[in-house]
Amino acid sequence: MKLKFIPIDYDYFDFEGRNYAKITGRDDKGKRICVIDSCEIYLWAILKEDLSQKKIEAIIKKISKIKLDIKGRQTKVEKVEFHDKNFLSHPVKALKIYATNYKDLHDIADKLGMKEIVKRRGYDLGFTTHYIIEKQLNPMEWYEISGELLNDSNKYGGIDKSIDVDICLELEGIKKIDKFEFTPKVLAYDIETDELQIGKGEILMVSLVSSDGFKKVISWKKSQESGQKQDYVEYVKNEPELIEAFVKYVKKISPDFLIGYFSDGFDMPYLKLRADHNKIKLSLGLDDSQPRISRGIMTSSKIKGIVHIDILKFIKTAYSQYMQSETLSLNDVANEFLGKSKKPFKHKHSSKLNGKDWAEYYEYNLHDSILTLGLFEKILPDLLEFTRIIKDPVFDVSRNGMSKNVESYILHKLGEFNEIPEKQANDKDIAERRSKERYEGGFVLEPKPGLYENIVMFDFTSSYGSVIVTYNLSKSTLLEKPSENAYTIKIKDKEVYFSKKPGFVPEILKDILEKRRKYKKELKSAKEQEETIKRARSNAFKLLANAYYGYLGFFGARYYSYEAAAATAAFARKAIKDVIRMIEKAEYDVIYSDTDSIAFARGKKNESEIETFLISLNSNLPGIMELELEGFFKRGIWVTKRSGIFGAKKKYALIDKKGNLRIRGFETVRRDWCNLARETQNKVIKYILEDGNEEKALKYVKNIIWKLKKREITKEELIIRSQLRKSLSEYKAISPHVIAARRMKEKKIPIGQGNLIEYYIAETREKKKLVREGVKLPEEPGEYDIKYYLEKQILPAVENIFQVFNINIMEIIEGKKQTTLGDF
DNA sequence: GGATAGCTGTTACC
DNA sequence: ACCGGTAACAGCTATCC
């Protein structure tokens, strides 16, 4: 039979010693399809150079005879072929050694210890990746497939009976077809519990919200007094019934995606532990299997046939660097992405909740799932496009770090270069790479502190990516010896050389950059219905390009190259310094530069003259290096460091013609300063940049300080937030936020690594020696410490800004203080 | 016992 | 452990006299 098919989830099973891929997805009518397929299984043995034909034939014969007996399973090498391949850009002679089961490849590799074989590769990709590469049945793309219907057959041990799908097919033919819309069925869920520690408390309720309008809260805790029952609430008798009802509804709705927020780390393991505790099965899988909770630092929960997605993970890797939110809590993220907040609800132990509280609790619980679903729908185009580009299953793409995504992208492209894949780093490699000395990174020009007018900002488009492509930097293009025909650069007093013959790693990046440029351009002229997808595509390639350099220097990377990473930074330093020189030569006043950007005053030149200047600059740049105009700014300020007279790097503020501020590095943008200090500084910067003088700003600060001294500032404005970045016991230095965290622990408030700790500094009876002596939690009563907030928050935040106008704000304020309070 | 250099720790920039 | 280096700064800690 024939049908249109979109693969969503990939799994595999063993039958009679062989591996079979089991792919679930949908057809164009929305029916759930399961496809069974197999592919050739093999690894590569790279041969020593200059082996005679006879020798090679002898080795092939020898390898063909390899038999294995592993845990009672007897298998053998099925066949051996000779191929001309490339490995790390070098032509090699290699043997393709076929086996029956992917798991056997490792053991076969262990038996290839003969001296004629120099390297064994390609047996560590994982079956699913291997399968996708072999069969080109890529996730989230449409195919017309043909095959034999397995419904009610006993083939593969009657697999179709054990799995809840409409059609089960043994795959025969695959034809890619033009993409058309796919709207997945999505179900978001969220649980509420008494204890935050996983499995320790009971699950009080669970909410479910689907993309087709289903809304439900299941609870066994009744709100006795609440008059009108919320129609979406369904009561059950107890916790086990709650879990069973949850499973029942998931099965009934049968979504393609089951979505949670931090559900890998909380909801799903909690459900699993409580199911175990109640001795019931959490059989969510299409084959009734339970979720597989992976152990380790990064836990994940996998359900067979349904893609469980923890959107927090994808948001972290794909968006967080461009986000404004100070935390990645559901509330902050929903606010930024959807403009919606969580429902207000004050958490209490369930024994202390009354009828009305419960009604609010249900509402709160339901709303979390609504927000989670909303967020998922927002990120779905990006996630799907990412999946199509990376070609890993959406389950993995949603959890991978960017480095892993880069690697998968490369692995799926190796075929185009006839390349044998490099192996994964082992523990020894990792230890060695991590012990390497850090190399020099970006160049930062020390600014001359001051207020500047008419500022231009240029920056390199995809700076490091362009460097890698321009100078062909990678593991495989690194040369051992100097060569006339090589790109040469010094890293740490040592010269390194890179071949000019394009290597596949830079070539793949070149293609990524070209695609990025193409899709960005297409986006500008895209029709409305195509806009989302084009934006997603352009965005995905941008992220891939940006992560490529990090990948080269990441110790876990297959194509790790310390030299290539260090050379990338070195060539980029050279490039920006050359540009600084060129701009200075054209008699502009260069103010500041950081890594790939440069700010200078345009003086008497107008904007169009600057644009012409940019074109002339670009004509002098090597390879694909290109500068672009980041923006014109009306005014900008650079300050000194807190100590000394040197210009502070990574701290500046600009204002454009429309009055938009761009603030970098200042306390305003740092979440570990109290709101009052941040807002005061923000206003000061705004007034100064708007008017070009300090009068209004000074007046404003004086007023704030007056209010502070009169205790007219609310405590909320004075709360300091700082993250617990490790477990409480690991801290050597006991800073204020550690004290606050310890106090929270004493009060049985659950805290741990990653929590944002809030506190304020209160007055103490005795004069304090250390700041931490005044630490109080927000809910603890106390008077805020005026002296602390004045001297350690407000004044430091504005001091350097007024210094630009030769105003010593400390003297003005403290001087006043001495005359008024100077009686002791 | 007070001053301070240096370290620990967090957060930002690119 | 799950991308790199550069930088500012606060507050604690060790060490000095």
Side-chain angles (χ1 to χ4, degrees), chain A residues 296-298 300 313 316-317 321-322 326 396 399-407 424-425 427 430-431 433-434 436-447 459-460 462-464 543-557 560-562 564-566 568-570 572-573 576 592-598 630 639-644 646-652 662-673 677 720-726 730-739 756-757 761 768-775 788 791-793 796-797 800:
Chain A
I297 299 159
M298 292 287 178
S300 66
K313 282 195 175 149
K316 245 186 216 165
T317 51
Q321 65 177 127
Y322 304 103
E326 279 173 19
D396 302 275
R399 286 169 176 79
N400 286 347
M402 277 314 294
S403 169
K404 189 82 209 319
N405 282 334
V406 168
E407 184 154 287
Q424 247 169 11
D427 290 350
I430 289 175
R433 293 171 183 187
R434 297 197 75 190
K436 282 227 176 209
E437 228 179 310
R438 287 171 63 157
Y439 59 83
E440 197 181 332
F443 167 74
V444 190
L445 179 74
E446 190 198 312
D459 63 9
F460 279 109
S462 306
S463 159
Y464 279 22
L543 284 172
L544 263 188
N546 287 350
Y548 222 86
Y549 156 73
Y551 174 78
L552 293 183
F554 167 49
F555 52 79
Y560 169 85
S561 172
Y562 177 88
T568 305
R573 283 196 301 275
I576 195 74
Y592 180 61
S593 167
D594 186 350
T595 312
D596 62 351
S597 71
I598 180 161
E630 171 66 31
V639 299
T640 62
K641 293 208 276 181
R642 193 86 79 225
S643 57
F646 300 108
K649 298 169 176 178
K650 299 187 187 288
K651 271 180 104 166
Y652 61 90
R662 176 210 282 250
I663 300 179
R664 294 287 124 95
F666 275 110
E667 284 73 9
T668 301
V669 298
R670 291 182 63 94
R671 69 170 183 191
D672 56 349
W673 281 67
I720 297 163
R721 295 172 184 86
S722 192
Q723 198 187 10
L724 257 200
R725 296 182 46 118
K726 39 192 186 182
E730 283 176 85
Y731 281 92
K732 284 183 200 157
I734 310 306
S735 47
H737 84 295
V738 175
I739 290 291
L756 201 60
I757 307 296
I761 302 301
K768 41 183 172 278
K769 288 194 191 76
L770 297 172
V771 174
R772 68 179 179 210
E773 289 163 23
V775 166
Y788 173 82
E791 290 175 4
K792 298 290 178 182
Q793 294 276 327
N800 295 335

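In what follows, chains are A, B, ... by sequence order, proteins preceding strands, each numbered from 1.
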*Atom CG in A:Asp396, atom NZ in A:Lys404: separation rounded to 0.5 Å?*
6.5 Å

*Using a heavy-atom cut-off of 4.0 Å to chain A, what are the terminal contacting nucleotides of DNA chain C, in 5' to 3' order?*
C:dA1 to C:dT13

*Would you mind classifying the nucleic acid contact of A:Arg642 as base, sugar-phosphate or nothing, using non-hydrogen atoms under 4.0 angstrom?*
sugar-phosphate

*asked:* Heavy atoms only, 4.0 Å cut-off, all strands: where does A:Lys641 land among base, sugar-phosphate and nothing?
replied: sugar-phosphate

*Of all residues at least two apart in sequence or in a different chain, which pass the ring-ring contact (aromatic ring centres under 6.0 Å, His included) check with A:Phe443?*
none

*Set of ring-ring contact (aromatic ring centres under 6.0 Å, His included) partners for A:Tyr551, sequence neighbours left out*: none

*For A:Ser561, enumerate each residue passing the side-chain contact (heavy atoms from CB on, under 4.5 Å) test, keeping only those at least two apart in sequence or located in another chain.*
A:Lys475, A:Glu563, A:Ala564

_Donor-acceptor pair, side chain of A:Tyr592 and main chain of A:Lys650, under 3.5 angstrom_ = yes

*Do A:Ser735 and A:Arg772 come within less than 4.5 Å of each other through their side chains, counting heavy atoms only?*
no

*Is there a salt bridge (charged side-chain N to carboxylate O under 4.0 Å, His left out) between A:Glu730 and A:Arg725 once you walk through the steps?*
CA-CA 10 Å; A:Glu730 283 176 85; A:Arg725 296 182 46 118; over 6 Å; no

*asked:* Are A:Leu724 and A:Tyr731 packed together at the side-chain level, in the sense that at least one heavy-atom pair is separated by less than 4.5 angstrom?
replied: yes

*When we call it a touch if two heavy atoms are under 4.0 Å apart, what does A:Tyr464 touch: a base, just sugar-phosphate, or nothing?*
nothing

*How long is the line joining CG of A:Leu770 and P of B:dG2, in whole Å?*
13 Å

*Give A:Tyr788 one of three labels, base, sugar-phosphate or nothing, depending on what nucleic acid heavy atoms sit under 4.0 Å from its own.*
sugar-phosphate

Short N/O separations, protein against nucleotides 12-14 of chain B, under 3.5 angstrom:
from, atom 1, to, atom 2, distance (Å)
B:dA12, OP1, A:Val669, O, 3.0
B:dA12, OP1, A:Arg671, N, 3.2
B:dC13, OP1, A:Gly665, N, 2.9
B:dC13, O2, A:Lys650, NZ, 2.9
B:dC14, OP1, A:Tyr652, OH, 2.5
B:dC14, O3', A:Asp594, O, 3.3
B:dC14, O3', A:Asp596, OD1, 2.1

*With sequence neighbours excluded, tell me which residues meet ring-ring contact (aromatic ring centres under 6.0 Å, His included) with A:Phe460.*
none

_Below 4.0 Å: OP1/OP2 of B:dG9 and any side-chain N or O of A:His737_ = no

*Check every strand shown and say whether A:Gly441 touches a base, only sugar-phosphate, or nothing at a heavy-atom separation below 4.0 Å.*
sugar-phosphate

*asked:* Considering every strand and a 4.0 Å limit on heavy-atom distances, what is the contact class for A:Gly553: base, sugar-phosphate, or nothing?
replied: sugar-phosphate

